[in-house]
Amino acid sequence: MSAVEALYVFDNFSPATTPILQHEWRSRPATTAASLYSLYKAQPSPRPSLIYLPTTSPPTLLFNIIHNNLLLLSPTTSEIEPLLISEFLHRVIDVLEDYLGSPLLGSKIEANYDIVAQLLNEMCDDGFPFTTEPNALRDVVLPPSLMGKLLGSVTGLPSASIPSSFTPTPTKTLSAIPWRRSNVRHTNNELYVDLIELITATIAPSGRFLSARSNGTIAFNCKLSGIPDLLMTLQTPTSHKQKLGAPPSGGLGFPVFHPCVRLSRWRERPGELSFVPPDGKFVLASYEIDLLPSGNPKSATQPQLPVSVELKTAIGPQWSEFEARVFISTAFLATTANTLSASPFGPRSSRSPAFGGSSNNPTVEEVRITFPLPPAVKTLTGTRCSRGEFHHEGRKVTWKIPTTSAFSGTATFRTGVVIKSYGGDDNEVEEEEPVDNGEYQDVQTTKTAKANGGNEGEKAKREKQAKRKMEMAMPRCALVAFSVKGWLASGVKVDSLKVVGGKGLGEGVKPYKGVKYLTKAGDIEVRC
Amino acid sequence: MESLSRISSILETARDLTLEAAQAASASGRTIRKDGKQGTSAETKKLLNSRMDKEVLDGLRMVIGMMSRGVDCSEFFADVVKNVASPTLEIKKLVYIYLLRYAESEPDLALLSINTIQKALNDQNQLVRAMAIRVMSGIRVPVISQIVALGIKRCVADMSAYVRKSAALAIPKCYRLDPTTLPQLTEYLGTLLGDRSFYVVGAAVMAHLEVCPDKWGLVHPHYRSLVKMLIDMDEWGQLALLRLLTEYSRKHFPARRTKKKVKNRDAGGVEDFYSDEEVGGNARGKEVEVATVMDPDLELLLKACVPLTQSRNSAVIVAVARVYRHLAPPDCLPTVAGPLVSLLRAAVDVQHMALVNIVSIALEHPQPFTQFATHFLVHASDPAHIWRLKLEVLTLIFPHTNIHTKNLILSELEYFAKGYDKELVKEAVRAIGRCAQSQTKNAARCLRLLLRQVESSDGTLVAESLTVIRHIIQQDPQNHAKTVVRLAKALDTATNPSARASIVWLVGEFAGINDGNNVAADTLRILAKGFHSESEQAKLQIVLLAAKVYAHHLNCAPPAVPTGENQDDEDKHPISLLFSYILLLARYDLSYDLRDRARLYKSILSVPSSTQLATLLLLAPKPTPQAPSPSSGRESFTLGSAAMVIGKDEDICGYEALPEWTTPSRAPSPSLREPPPSAASGADTHRGGSTTSMSAVVRGAGVRSASPRIGSPHMGSPRAGSPALPPTARANGVPESLEEFLASEEEEEESDEDGDDDDEEEEESEEEESEEEESEEDEEGESAGLLGTK
């Protein structure tokens with residue numbers, strides 16, 4: 001019935017329409033990869049992730065995702081939960097990146113076909129997802145480096161002589177914990193936590209926030225020996241008293257967790273994450289926080305962001321210019337960050353230099369303002385900006401503002417717009433005028449002022465029209481992107497991170513712990 | 001949850017993809033050349049036949065590479081398969097991958113390898129055993145079906161959970177190979193469904209869905225343990241199990257007696273319930289109340305689903321939503337609304353699916369989503385298929401939100417109505433119309449909003465707004481006389497042909513109110529002057545307007561019996577003059593259609609005897625148009641199915657609507673779900689023993705039950721016999737670490753097992769006969785199977 005039938009990977013760099021990788025889990029599908037590809041290309045872009053192809057026989061549901069330059073297609077011919085395939089494809093990408101290194105590129109797949117085939121074979125059996133945990137896969141499939149060692153080590157000996165020490169972990173034992181591989185050993189025990197928040201916000205022309213949310217992700221890179229049991233406590237400054245996750249909406253909204261997190265612990269004591277981590281990189285949890293404190297946007301105090309934009313359109317003598325002013329201020333960042341790092345880290349005070357160290361001086365980086373332009377815009381003239389550089393391509397202008405450390409201040413961007421003269425549009429305007437004239441004359445029945453009034457009215461009308469036309473060619477919003485290291489928009493922070501149990505980590509070994517905070521805004525929409 | 005790759009790409013900033021790609025390309029150019037040198041088939045064969053592992057591996061890698069690129073590699077069959085007996089694991093794996101693909105084309109040669117593979121089923125290494133059963137069942141050579149079935153039987157009893165899981169997935173493959181093996185296979189399946197490792201059960205459920213979804217007898221005795229294991233399974237197992245249980249519940253639990261309950265709820269006040277900021281506390285209170293009516297087993301399932309809403313896998317969250325949507329009373333929906341909305345923070349493809357599901361729930365139950373209005377604001381970067389759905393959700397929740405949110409939604413829609421993306425403009429205006437329709441209270445506001453758009457210079461916007469305005473006015477014509485006047489004024493500025501036509505038609509519809517004391521006649525007079533420059537569309541409407549105005553005129557002041565042909569034009573009423581003027585203009589128009597219509601109106605209105613007919617024809621009351629939500633119809637599909645995303649089910653093979661609730665009289669007795677005394681109590685003391693002790697610890701330490709404690713006893717490799725625990729811990733009596741704890745338990749279990757099973761085997765046969773009718777056979781077979789394993 002429902003199964004993942006096949007996976008085809010195409011490289012957008014290569015002009016060929018044959019896949020660089022094809023893997024079929026069931027008997028060969030009726031529709032070939034090449035014809036699926038052409039059917040996919042025939043759909044108008046942007047394409048939804050699930051395309052229904054009624055013309056193939058049998059009709060096909062084509063799932064597709066794009067990663068870097070790779071296009072992954074997965075067809076099925078029968079009913080299946082669409083998200084199952086979506087999630088599976090994302091998982092395949094994650095695992096391939098884990099094995100082959102990120103970014104995942106076509107050439108890397110081509111160089112490691114044997115590994116990829118083994119992985120795909122293990123991740124899905126007969127169309128059913130089988131082992132998808134990266135750690136469990138490590139127990140079964142050797143990573144390329146080890147494989148190379150294995151190949152390199154066997155020299156000239158007749159078969160069956162690969163020393164058993166070189167079949168590294170493989171495999172006599174499978175880990176007891178599905179997400180952690182067995183026999184993990186590290187010479188340096190390290191533990192890195194990254195808290196990343198992505199801000200999405202919409203700001204009304206009045207400057208009021210319509211919505212502001214911060215989507216947080218807790219990413220881990222765990223290099224601990226044995227089977228450690230960790231306890232991490234999170235804290236939000238806005239709700240010091242009140243526990244995380246507890247109503248009302250001060251805490252983490254709708255958290256989702258890696259399977260290793262003990263949910264009952266979180267339920268009892270929100271904010272405490274107790275888990276036996278997988279080895280290596282993984283995403284521990286993700287959450288969202290509404291930055292508008294109460295659901296009611298009117299009464300709420302406005303969230304503070306380090307970058308704000310003021311956009312004026314249809315200005316200048318011909319109403320043909322628009323201007324954006326950007327204010328960057330890092331002052332409040334420093335204060336919030338200081339309060340963050342001031343609190344003691346963990347009762348054991350096993351505070352490593354990485355804690356707080358980086359968060360003392362948060363700086364705003366990668367400030368980028370994008371103006372999507374209407375189709376009526378032909379080109380831009382007289383573009384100038386007080387800082388940084390701009391780049392006009394297609395239907396958008398991107399303005400990048402370089403920031404040095406602790407930069408704050410304003411920058412201005414102003415440009416004129418030249419509109420396209422549509423043949424059709426102009427004609428329409430011409431045509432309509434006789435009608436208007438007639439009505440005007442009719443309305444203004446005074447005979448003497450007829451000529452003058454008509455002309456003046458017409459002039460005003462023309463101006464009005466010209467203005468309207470220009471307004472139609474103005475950008476309607478600016479998209480603001482920036483990133484701040486060492487600061488989180490929501491103020492969430494890691495209160496403590498401790499190894500509370502487990503085994504394999506020798507007594508007295510104090511693992512190096514590092515926490516980084518990063519806020520990214522990619523989709524702050526300032527409307528006008 | 002964000003995928004790891006996306007997060008790491010955020011973390012590793014300033015990573016120039018193209019640069020790296022270019023470097024990689026140049027590097028790969030070299031490797032390809034190297035490959036090209038080796039590429040000849042003779043070379044490859046030579047490598048494959050080498051006596052050195054390294055060369056064989058090299059050869060195999062080349063073959064696999066070609067296979068992955070889509071090159072036909074069947075010529076190497078003999079050379080590759082020869083290596084199947086290689087003791088080196090890496091070689092074996094690659095040979096197996098090759099076999100899976102090509103065995104079909106060379107069945108005879110493939111048969112030669114079966115013997116070796118069969119031997120591998122006895123290998124010490126559990127991985128080798130698992131691989132062997134996978135390959136054996138994956139070789140599509142029907143002759144070996146019996147061997148495969150035997151292999152499965154052996155692996156079902158394997159000590160390693162990993163092997164048992166592989167065996168479970170081999171069942172559907174074997175069934176497809178030879179359907180006559182079904183009786184044996186169901187027997188194995190029954191055993192596996194009762195397995196104590198959640199790792200295995202997930203796969204068994206998948207196999208059940210694939211092989212014999214109708215054999216509910218297999219599921220009955222395991223229902224409760226399956227529900228208990230739900231939380232511990234891996235994501236894919238959870239998905240399969242939720243699918244199975246949704247259907248199971250529909251078929252085996254009688255429909256709730258809803259009527260009685262609805263009354264209860266009304267008394268409690270549904271509004272209060274939903275308007276609450278926080279869903280959690282209140283919802284729980286409600287659930288309890290509802291539970292009095294619900295089958296306790298169903299309630300068990302619903303409760304077990306709640307923690308799954310914190311799964312990182314979006315598919316699981318949607319599957320839980322499906323359970324709640326189709327099995328729980330509507331007032332439980334807030335439990336899943338939040339988690340569904342939270343999927344909007346994921347990648348675009350997940351967002352799309354989440355929105356489709358949200359829309360389909362909101363079509364019937366919009367309330368749970370009202371508090372998330374700001375999540376559905378459209379972003380400039382959203383592609384069309386996303387913003388369409390977002391706008392739809394906004395209009396669906398609109399009638400149920402508070403005033404702030406209403407303002408927010410309307411201003412949002414207005415903003416997009418003024419955009420430059422024509423499709424978005426259209427959709428936004430239609431959305432405003434739907435908002436007006438859903439609640440007449442707000443119609444006036446929406447109308448004001450739309451009227452502002454009429455004067456815009458953007459044709460699309462005007463045309464679309466007018467259509468929507470027309471719909472709104474038609475719903476409540478009495479109160480909109482002034483609106484029509486305002487629209488008539490807009491004729492001065494509106495240029496879009498269809499907009500003008502729309503206005504003229506509306507004016508015509510209102511020509512009859514206030515006994516002719518309205519703008520219709522005047523509008524007609526003004527339009528008559530510019531008749532020549534109108535578009536055909538507008539002209540048609542003007543002629544129609546003239547006819548309507550004239551018909552009204554005739555109705556309220558029937559002309560005195562014409563005294564004679566010589567009556568002067570001045571004596572005539574201006575309306576009849578206007579009418580004949582328009583008819584005259586139309587008569588010489590270029591358009592056939594226009595001329596024909598003009599002729600029709602002329603003849604029908606010329607004779608007093610046909611005036612009544614004309615009235616019927618022209619002035620008939622029009623039915624109120626309805627603009628349904630674009631996705632309406634989707635709510636009838638099963639939530640989370642591909643058919644729902646596509647929106648039509650006829651072509652999607654394998655889609656079946658959920659069965660209706662069974663009736664109380666036909667529902668099987670709950671005693672069916674009692675675990676069969678022997679098999680399950682064997683397993684139960686076993687499981688029970690471990691669960692009680694486990695749950696004690698679980699609660700004590702606040703452990704999610706999927707913690708390593710539970711995993712280990714079943715998943716370690718018993719044959720490898722490497723219990724990773726120092727015996728000292730047990731000597732202390734207090735297990736200190738997970739493994740120690742585990743280990744102690746494992747041993748106890750082991751000793752329990754045999755005794756228990758034997759004792760209770762006999763009890764089973766008797767008790768079962770009395771209680772269970774349908775599934776008797778299955779269970780007995782099953783318990784036998786299970787016992788066999790021990």
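Within every chain, numbering begins at 1; the chains are lettered A, B, ... in the order of the sequence lines, protein sequences first and strands thereafter.
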Show the nearest heavy-atom pair for residues [X] and [Y], with the distance to one decimal.
| X | Y | result |
| --- | --- | --- |
| B:T309 | B:P339 | CB-CG, 3.6 Å |
| A:F254 | A:E288 | CD1-OE2, 4.0 Å |
| B:V350 | B:L343 | CG1-O, 4.2 Å |

Quick one: does [X]'s side chain have a donor or acceptor within less than 3.5 Å of a partner on [Y]'s backbone?
| X | Y | answer |
| --- | --- | --- |
| A:K108 | A:L96 | no |
| A:E525 | B:A380 | yes |
| B:R134 | A:N121 | yes |
| A:H258 | A:C260 | yes |
| A:E365 | A:S483 | no |
| A:E79 | B:A642 | yes |
| B:S311 | B:N313 | yes |

Region of [X] that comes under 4.5 Å of a non-hydrogen atom in chain B:
| X | value |
| --- | --- |
| A:L50 | both |
| A:A117 | both |
| A:D194 | side chain |
| A:L198 | side chain |
| A:T18 | neither |
| A:P19 | backbone |
| A:R91 | side chain |
| A:F275 | neither |
| A:L479 | side chain |
| A:L84 | both |

Among the options [options], pick out the one with the most heavy-atom pairs lying under 4.5 Å from chain A.
| options | value |
| --- | --- |
| B:H352, B:R322, B:K173 | B:K173 |
| B:S342, B:S314, B:P383 | B:S314 |
| B:A207, B:S166, B:A240 | B:S166 |
| B:E656, B:E104, B:E412 | B:E412 |

Distance from [X] atom [atom1] to [Y] atom [atom2], nearest 0.5 Å?
| X | Y | atom1 | atom2 | result |
| --- | --- | --- | --- | --- |
| A:Y113 | B:L94 | OH | CG | 15.0 Å |
| B:Q310 | A:L263 | CD | CG | 5.5 Å |
| B:K165 | A:F128 | NZ | CZ | 12.0 Å |

Does any backbone or side-chain atom of [X] lie under 4.5 Å from a heavy atom of chain A? Answer side chain, backbone, both or neither.
| X | result |
| --- | --- |
| B:I91 | neither |
| B:V318 | side chain |
| B:L100 | side chain |
| B:H385 | side chain |
| B:R101 | both |
| B:R345 | both |
| B:A373 | neither |
| B:D421 | neither |

When heavy-atom pairs shorter than 4.5 Å are enumerated against chain B, which of [options] gives the highest number?
| options | answer |
| --- | --- |
| A:D125, A:I80, A:V283, A:I65 | A:D125 |
| A:P48, A:A33, A:P372 | A:P48 |
| A:R527, A:H90, A:Q22 | A:R527 |

Over-ring placement of A:R476 relative to B:Y415, 6.0 Å and 45° cut-offs: yes

